[in-house]
Amino acid sequence: YLANQNYERSRVNFTKAIETAKAEDKYVKVDAERLITTQLPRTSLPKDAETRFTQCCDTFEQDETEATRLLATIIDDYPEFERAIVLLATLEKAHGNSEKAENLIDNVLKVNQDFMPAIEMAYYFALTRSDFKQALMHIEHGINLNPFNTDFIYAKMALARKLHQLNG
């Protein structure tokens, strides 16, 4: 459900996994709790928001301009929809609007500091402006939220190599 932008159904299923996990299933409970915290919107969204977001994502392949317009209307209607804001920030960055993109991500992280898609973008944005200290802070936060997140582990290794090359 998560991969198909069905966030409320994901929340229901993750919560059910937490409630029904037996003592020997502690990792199921831990993983479900982690996914709720790091991957789902902080607040519940109506089905309409999810449906419109999925349609927007589907539209990107055919018409990026229309998809961006749809995305803006979704955010106008649901300003707490973190995933939509992260996608808009990604587009803004791709279109050269770095400051707007970073402000969007900063606003998401102010409200939902553990939202992994925003942390990933914040890390990327810090790298693009060569702010390695900030990039490392985001990487460390991501690893602390999920010590098995290979994306952040590899990012930390790549950053270490880059710093070694710069200093070496």
Side-chain angles (χ1 to χ4, degrees), residues 1-22 25-95 97 100-125 127-128 138-139 141-156:
Y1 293 113
L2 184 60
N4 290 313
Q5 294 94 27
N6 196 331
Y7 306 116
E8 289 314 306
R9 185 67 181 226
S10 297
R11 185 182 317 277
V12 167
N13 287 327
F14 293 147
T15 302
K16 190 180 289 185
I18 293 165
E19 292 168 355
T20 60
K22 297 178 175 78
D25 299 328
K26 70 177 184 176
Y27 294 111
V28 170
K29 184 177 179 178
V30 168
D31 284 344
E33 289 170 344
R34 181 180 301 131
L35 287 167
I36 288 171
T37 303
T38 65
Q39 297 296 322
L40 297 180
R42 192 174 62 85
T43 59
S44 294
L45 297 165
K47 184 70 178 155
D48 176 62
E50 293 178 357
T51 301
R52 289 171 59 194
F53 186 66
T54 299
Q55 290 169 345
C56 175
C57 291
D58 291 344
T59 302
F60 269 107
E61 290 183 30
Q62 293 85 33
D63 187 351
E64 184 179 322
T65 302
E66 176 61 12
T68 303
R69 187 193 66 72
L70 291 171
L71 188 58
T73 63
I74 293 167
I75 294 168
D76 285 345
D77 293 343
Y78 305 102
E80 70 283 2
F81 196 166
E82 294 99 331
R83 279 201 188 262
I85 296 168
V86 169
L87 180 56
L88 182 60
T90 304
L91 290 169
E92 291 293 348
K93 180 71 170 178
H95 291 248
N97 301 323
K100 184 173 182 179
E102 293 208 31
N103 285 337
L104 288 166
I105 294 298
D106 288 346
N107 289 337
V108 168
L109 290 174
K110 284 177 188 168
V111 175
N112 192 352
Q113 70 183 14
D114 295 338
F115 191 58
M116 197 64 79
I119 296 167
E120 290 167 351
M121 290 309 299
Y123 150 72
Y124 168 72
F125 291 167
L127 270 186
T128 61
H138 290 301
I139 290 169
H141 185 63
I143 290 172
N144 286 335
L145 290 171
N146 182 357
F148 306 108
N149 184 325
T150 55
D151 292 339
F152 276 112
I153 293 167
Y154 292 139
K156 187 173 182 178

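What you see is a predicted model, and the numbers here were worked out from it, not measured in a lab.
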**Q** So which atom in A67 and which in C56 form the shortest heavy-atom distance, rounded to 0.1 Å?
**A** O-SG, 3.1 Å
**Q** Just by distance, do the side chain of N97 and the backbone of K100 share a donor-acceptor pair under 3.5 Å?
**A** no
**Q** Using modelled atom types and a 3.5 Å cut-off, is there a donor and acceptor pairing between side-chain atoms of R11 and backbone atoms of P41?
**A** yes
**Q** Can you check whether F152 reaches L145 side chain to side chain, under 4.5 Å on heavy atoms?
**A** no
**Q** Between E19 and K16, is there a salt bridge with N-O shorter than 4.0 Å?
**A** no
**Q** Give, for atom CD1 of I74 and atom OG1 of T54, the distance between the pair rounded to the nearest 0.5 Å.
**A** 8.5 Å
**Q** Measure the CE-CD1 distance between M121 and I105 for me, rounded to the nearest 0.5 Å.
**A** 5.5 Å
**Q** How about Y124: does its OH atom have over 12 heavy atoms from other parts shown lying under 6.0 Å from it?
**A** no
**Q** Throw together a table of side-chain donor-acceptor distances under 3.5 angstrom for residues 42-49, partners on residues two or more places apart or in other chains.
**A**
residue, atom, partner, partner atom, Å
R42, NE, V111, O, 3.3
S44, OG, E8, OE1, 3.1
D48, OD2, R52, NH1, 3.4
D48, OD2, Y78, OH, 2.8

**Q** Report yes if the side chains of F14 and Q39 come closer than 4.5 Å at any heavy-atom pair, otherwise no.
**A** no
**Q** To the closest 0.5 Å, what do you measure between OG1 (T128) and CD (E102)?
**A** 6.0 Å
**Q** For the atom pair CD1 (I85) and CD (E92), what is the distance rounded to the nearest 0.5 Å?
**A** 12.5 Å
**Q** Which heavy atom of L109 sits nearest to which heavy atom of A122, and what is that distance?
**A** CD1-CB, 3.8 Å
**Q** Name all pairs fulfilling the side chain to side chain donor-acceptor pair (under 3.5 Å) condition that reach into residues 103-112, sequence neighbours left out, sorted by first residue then second.
**A** E82-N112
**Q** Using the test side-chain contact (heavy atoms from CB on, under 4.5 Å), find all partners of T37 that sit at least two apart in sequence or belong to another chain.
**A** D114
**Q** Please examine the side chains of T38 and F115, heavy atoms only from C-beta on, and report whether any two atoms are closer than 4.5 Å.
**A** no
**Q** Can you tell me how far the CG atom of D151 sits from the NZ atom of K156, to the nearest 0.5 Å?
**A** 15.0 Å
**Q** Looking at residues at least two apart in the chain, or sitting in another chain, which of them share a side chain to side chain donor-acceptor pair (under 3.5 Å) with E120?
**A** none
**Q** Between N149 and M116, is there a side-chain heavy-atom distance shorter than 4.5 Å?
**A** yes
**Q** Is any side-chain heavy atom of I153 closer than 4.5 Å to a side-chain heavy atom of F148?
**A** no
**Q** Would you call L87 and C57 a side-chain contact if the rule is heavy atoms closer than 4.5 Å?
**A** yes
**Q** Compare every heavy atom of S10 with every heavy atom of L40, then report the nearest pair and how far apart it is.
**A** CD2-CB, 3.9 Å
**Q** What closest approach, in Å, do V108 and A118 show between heavy atoms, and which atom pair accounts for it?
**A** CG1-CB, 3.6 Å
**Q** Under a 3.5 Å distance rule, please check whether H138 uses its side chain to pair with a backbone N or O of F125 as donor and acceptor.
**A** no
**Q** What closest approach, in Å, do P117 and V86 show between heavy atoms, and which atom pair accounts for it?
**A** O-CG1, 3.9 Å
**Q** Which residues pass the side-chain contact (heavy atoms from CB on, under 4.5 Å) test with E33, sequence neighbours left out?
**A** I18, K29
**Q** How close do Y123 and A155 get, heavy atom to heavy atom, and via which atoms?
**A** OH-CB, 3.3 Å
**Q** For the CG atom of N6 and the OG1 atom of T51, what is their distance to the nearest 0.5 Å?
**A** 8.0 Å
**Q** Has E61 got more than 12 heavy atoms of other residues, nucleotides or ligands less than 6.0 Å from its CD?
**A** no
**Q** Listed by chain and number, what are the ring pair (Phe, Tyr, Trp, His ring centres under 6.0 Å) partners of F81, not counting sequence neighbours?
**A** F53
